[in-house]
Amino acid sequence: MWHCYFLYLSGGLLSASKCNFGLRHLFLYEDKDSLSFVAGVQETFSLKLEPSFFASFFSPPRIKDEPDDDGFYASPKEDSKPLKRPREDDDLLVLKHLFSERGNIVACSNSFFLILQDSKAKKAKNKDKKVPEADKRKKPKKEEEQKWKWWEEERYPEGIKWKFLEHKGPVFAPPYEPLPENVKFYYDGKVMKLSTKAEEVATFFAKMLDHEYTTKEIFRKNFFKDWRKEMTSEEKSTITNLSKCDFTHMSQYFKAQTEARKQMSKEEKQKIKEENERLLKEYGYCVMDNHKERIANFKIEPPGLFRGRGNHPKMGMLKRRIMPEDIIINCSKDSKIPPPPPGHKWKEVRHDNKVTWLVSWTENIQGSIKYIMLNPSSRIKGEKDWQKYETARRLKKCVDKIRNQYREDWKSKEMKVRQRAVALYFIDKLALRAGNEKEEGETADTVGCCSLRVEHIKLHPELDGQEYVVEFDFLGKDSIRYYNKVPVEKRVFKNLQLFMENKQPEDDLFDRLNTSILNKHLQDLMEGLTAKVFRTYNASITLQQQLKELTNPDDNIPAKILSYNRANRAVAILCNHQRAPPKTFEKSMMNLQSKIDAKKEQLADARRELKSAKADAKVRRDEKSKKTVESKKKAVQRIEEQLMKLEVQATDREENKQIALGTSKLNYLDPRISVAWCKKWGIPIEKIYNKTQREKFAWAIDMAEEDYEF
DNA sequence: TGCCATACTTAGAAGGCCCGTC
DNA sequence: GACGGGCCTTCTAAGTATGGCA
């Protein structure tokens, strides 16, 4: 007997009738006797397929696209109805893609789809326009083939983040393992056995003993206060002074453990690696709308001491252990809800598809909410990223108008408008952050544009031969110092003088302005415009301009990459992305320099050898000596190239000493600019983006051609 | 309008891992 | 095979922005 099936994929998103294959086009039969299947297309074609091929299709929802298809399926739900998808047009592509994934039908799949295309010829033809030339020319590698091109699908309506979400919940920090008996803690020179709770917190301090933090007064004070809360009353009465606590033995024990880990055998290391991989496989992915997606941070933050940046008033406080009872789970109603660890329960399970997070909890230091969300390579993050750059591109179209407007506003009768206009000028010209208000005493004292204080700027009517110079000196995000002397227009200068009149150093420079007022104004100028869009826009446009200016068509690849890094660096400087110079910087520069010196000597030798070979060839005039000259020539060329590479490397590294390129590359530069540049100059994309970055920017790599303009 | 809660992006530090060199 | 160094990943802090409510 023959049974007819709908082709039923991933929670029913793609059923045969709905995707316009229709029963008219596609029938799938199960032959109960032989346990095999037959696919028929309008009775013009039939294909016998193994049951294994269909097995996953008949288990809704089925997850597509991950390279390691490990059978990680969401559990089928009897009552789950197919979700209507606003992306039907792409079903053919999706199906084609899916079918081509299956090695067992690849040989048949072409004819299979040819027939389908016949019945939808027009549609399929249009679809082809979307496929980049390169994709048509060469057969994509397996890895590429399996990637889901979410950017070719329609987006969900505003506000809806997903329709189906299933995950396994978070991974908790391992429980505390008490120290071995022989590891001692000393108080006032005497051995003291601590209770488990007090000992655990003590180990947090011991592990940081070599860090500068533990020398800081606030850190020590906060730590000691919170530590005492974990002590027994007896311990509390004994341990009254942190300076009398000796953690060195504990610290040595942890260092020895680190050392032992390094010395582990290959097999032991492999075992740990495998365990991590297992954890990742089990908890590191979720199913979001038919696709298996990587989770960014599936591990709950372990307890420890809070490491605030800069002069954070709460540094050293105890970050408590997060328990299942603190956790809110967010997933689909019809998904398999992750079970809490035995003997525990979740704080709450909710089903909110207007947010992107899977798990949340409230931390105890600032009382803020922490989230578990998806990896940057996921659809949900990628779409948002793409959208961000599109907003910045829209700003490009109206930025001149906005600039004219704020220049006009410098003359406004209203103080509020003038302040807004000057602040916006700084945000635009200097790529300053918006500068939200912060609760005093709760965080480090840092500012952005709107929260600048009088003490953060100095006005110089003339400085180093330039007129109307503003000297900025303040701590920005992460307590990174912003120091800059900027010549500004006379009107800006005069306005600043006005804003500073009769104010104390600690008073707000823009006392009639905050980020909310500013952003409301920006929203009126362009839909979706906020202060941070200027940073994205200016970063991306700077990269594009710099690349045009710095790329020399005659340069070889390393020199072109140096140009790229220089363009990237210009952006990082604009955005003030600094880093502490690496501890090994001087040493590594010296090493590189000695390599260069050695290479120079090698080159001199090679040139000498070439000269004598030429002389020899002149005398001998035979084939053998001619050949020797040729090989010596090649050797010189090779060494010259190697030397050049080393010199470029040294320049690049020196210029990068205190500048962090990663942040702008990852967050501010429209990746399509970089992709287009690579395509234009024949630079392999791997030279610009590493694997993770390529995954994050897969959408850009796929869609940008060499003529892309930001 | 201000305040607070919430959700999400942006950020540098730290440490692990991998690769080149000896 | 050991070692060193740099790149990559992970971690989580610190921002921005928005919406709801009084």
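As the structure is a prediction and not an experimental result, all values here were calculated from the model.
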* Asked: For A/Arg535 and B/dA11, is the shortest distance between a side-chain N/O and OP1 or OP2 below 4.0 Å?
  -> yes
* Structure fact -> Rounded to whole Å, the CG-P distance (A/Asn576 to C/dA14) equals 17 Å
* Grab the CD-P distance between A/Glu158 and C/dT18 for me, whole Å please. => 12 Å
* Classify the nucleic acid contact of A/Lys161 as base, sugar-phosphate or nothing, counting any heavy atom under 4.0 Å across all strands shown. => sugar-phosphate
* Structure fact -> The answer to which of A/Tyr213 and A/Lys388 contacts DNA chain B further toward the 5' end, by nearest nucleotide, is A/Lys388
* Would you classify A/Ser516 as touching base, sugar-phosphate or nothing, given that sugar-phosphate means primed atoms plus P, OP1 and OP2, and contacts are heavy atoms under 4.0 Å? => nothing
* Look at all strands and tell whether A/Gly448 reaches a base, only sugar-phosphate, or nothing, counting heavy atoms closer than 4.0 Å. => nothing
* To do: Please state how far atom NE2 in A/His577 lies from atom C1' in B/dA13, giving the value in whole angstrom units.
  => 15 Å
* Asked: Reckon A/Lys273 touches a base, only the sugar-phosphate, or nothing at all at heavy-atom distances under 4.0 Å?
  -> sugar-phosphate
* NA contact type, A/Ala444, heavy-atom cut-off 4.0 Å: base, sugar-phosphate, or nothing? -> nothing
* To do: Using a heavy-atom cut-off of under 4.0 Å over every strand shown, decide if A/Gly662 touches base, sugar-phosphate, or nothing.
  => nothing
* Where does the angle between the aromatic ring planes of A/Phe172 and A/Trp346 fall among parallel (under 30°), tilted (30 to 60°) and perpendicular (over 60°)? -> parallel
* Can you check whether A/Thr663 has a side-chain N or O nearer than 4.0 Å to OP1 or OP2 of B/dG12? -> yes
* To do: Could you please name the option among B/dT10, C/dA17, B/dG12 that lies closest to any side-chain atom of A/Asn436?
  => C/dA17
* From the options B/dG2, C/dA13, B/dG12, select the nucleotide whose nearest atom is closest to the side chain of A/Ile480. => B/dG12
* Short question: side chain of A/Glu363, backbone of A/Ser368 - any donor-acceptor pair under 3.5 Å? -> yes
* Asked: Reckon A/Lys314 touches a base, only the sugar-phosphate, or nothing at all at heavy-atom distances under 4.0 Å?
  -> nothing
* A/Glu695 bridged to A/Lys691 by N-O distance under 4.0 Å -> yes
* To do: State whether A/Thr530 places a side-chain N or O below 4.0 Å from either non-bridging phosphate oxygen (OP1 or OP2) of C/dT16.
  => no
* Is the distance between the ring centroids of A/Phe306 and A/His312 under 6.0 Å? -> yes
* **Residue mapping more 5' on DNA chain C - nearest nucleotide basis, A/Gly310 or A/Asn519** => A/Gly310
* To do: Measure from the side chain of A/Thr446, starting at C-beta and using heavy atoms only, and say which of C/dT12, B/dC8, C/dG15 lies closest.
  => C/dG15
* **Atom-pair distance (CZ on A/Arg307; C1' on B/dA14), nearest Å** => 8 Å
* Atom NZ of A/Lys370 and atom P of C/dT12: how far apart are they, to the nearest Å? -> 7 Å
* What does A/Arg261 touch in the nucleic acid at a heavy-atom separation under 4.0 angstrom: a base, only the sugar-phosphate, or nothing? -> nothing
* Write down the distance between OH (A/Tyr689) and P (C/dC7), rounded to a whole number of angstrom. => 17 Å
* Asked: Looking at B/dA11, B/dC8, C/dA13, which one has an atom nearest to any side-chain atom of A/Lys384?
  -> B/dC8
* Asked: Taking atom P of C/dC11 as reference, at what distance in whole Å does atom CZ of A/Phe306 sit?
  -> 18 Å
* Minimum-distance nucleotide to A/Met373 side chain [options: C/dT18, B/dA7, C/dA13] -> B/dA7
* Asked: With sugar-phosphate meaning primed atoms plus P, OP1 and OP2, does A/Ala296 contact a base, only sugar-phosphate, or nothing at under 4.0 Å between heavy atoms?
  -> nothing
* Structure fact -> Of the listed B/dT6, B/dG12, C/dT12, the closest approach to the A/Asp478 side chain comes from B/dG12
* To do: Determine: side-chain N/O of A/Gln366 to OP1/OP2 of C/dA14, distance under 4.0 Å, yes or no.
  => yes
* **Under-4.0 Å side-chain N/O to phosphate OP1/OP2 contact, A/Lys438 with C/dG15** => yes
* Asked: Hey, does the side chain of A/His211 come within less than 4.0 Å of B/dA13's phosphate (OP1/OP2), counting only N and O?
  -> no
* 5′-ward residue of the pair A/Thr362/A/Glu437 relative to DNA chain B -> A/Glu437
* What's the closest nucleotide to the A/Asn690 side chain, out of B/dT10, B/dC8, C/dC8? -> C/dC8
* Among C/dT16, C/dC8, B/dA11, which nucleotide sits nearest the side chain of A/Ala434? -> C/dT16
* For B/dC17, take OP1 and OP2 only and decide whether either is under 4.0 Å from a side-chain N or O of A/Lys269. => no
* Asked: Short question: side chain of A/Thr530, backbone of A/Asn519 - any donor-acceptor pair under 3.5 Å?
  -> no
* Go through B/dG2, B/dT10, C/dC11 for me and flag the one nearest to the A/Lys532 side chain. => B/dT10
* Fit a plane to each ring of A/Phe205 and A/Phe247, take the angle between them on a 0 to 90° scale, and name the class: parallel (under 30°), tilted (30 to 60°) or perpendicular (over 60°). => tilted
* Sidechain N-carboxylate O distance under 4.0 Å for A/Glu282, A/Arg278 -> yes
* Counting any heavy atom closer than 4.0 Å, what does A/Pro302 reach on the DNA or RNA strands: base, sugar-phosphate only, or nothing? -> sugar-phosphate
* Asked: Counting N and O atoms only, with roles assigned by atom type, does the side chain of A/Asn311 sit under 3.5 Å from a partner on the main chain of A/Asp445, one being a donor and the other an acceptor?
  -> no
* For C/dT9, does either OP1 or OP2 sit under 4.0 Å from a side-chain N or O belonging to A/Lys691? -> no
* Asked: Just how far, in rounded Å, is P of B/dC8 from CG of A/Leu666?
  -> 19 Å
* Structure fact -> Regarding the side chain of A/Arg579, the nearest nucleotide among C/dT12, B/dA13, B/dT6 is B/dA13
* Is A/Thr515 touching bases, backbone alone, or none of the nucleic acid, heavy atoms closer than 4.0 Å? -> nothing
* Side-chain ion pair, A/Arg453 and A/Glu455, N-O less than 4.0 Å -> yes
* Is the distance from OP1 or OP2 of B/dA11 to the nearest side-chain N or O of A/Tyr668 less than 4.0 Å? -> yes
* Asked: Checking all strands, does A/Gln523 fall into the base, sugar-phosphate, or nothing category for heavy-atom contacts under 4.0 angstrom?
  -> sugar-phosphate
* In terms of the nearest nucleotide of DNA chain C, which residue is placed more toward the 5' end: A/Thr692 or A/Gly528? -> A/Thr692
* Asked: A/Arg309 near the nucleic acid: base, sugar-phosphate alone, or nothing, with a heavy-atom cut-off under 4.0 Å?
  -> base
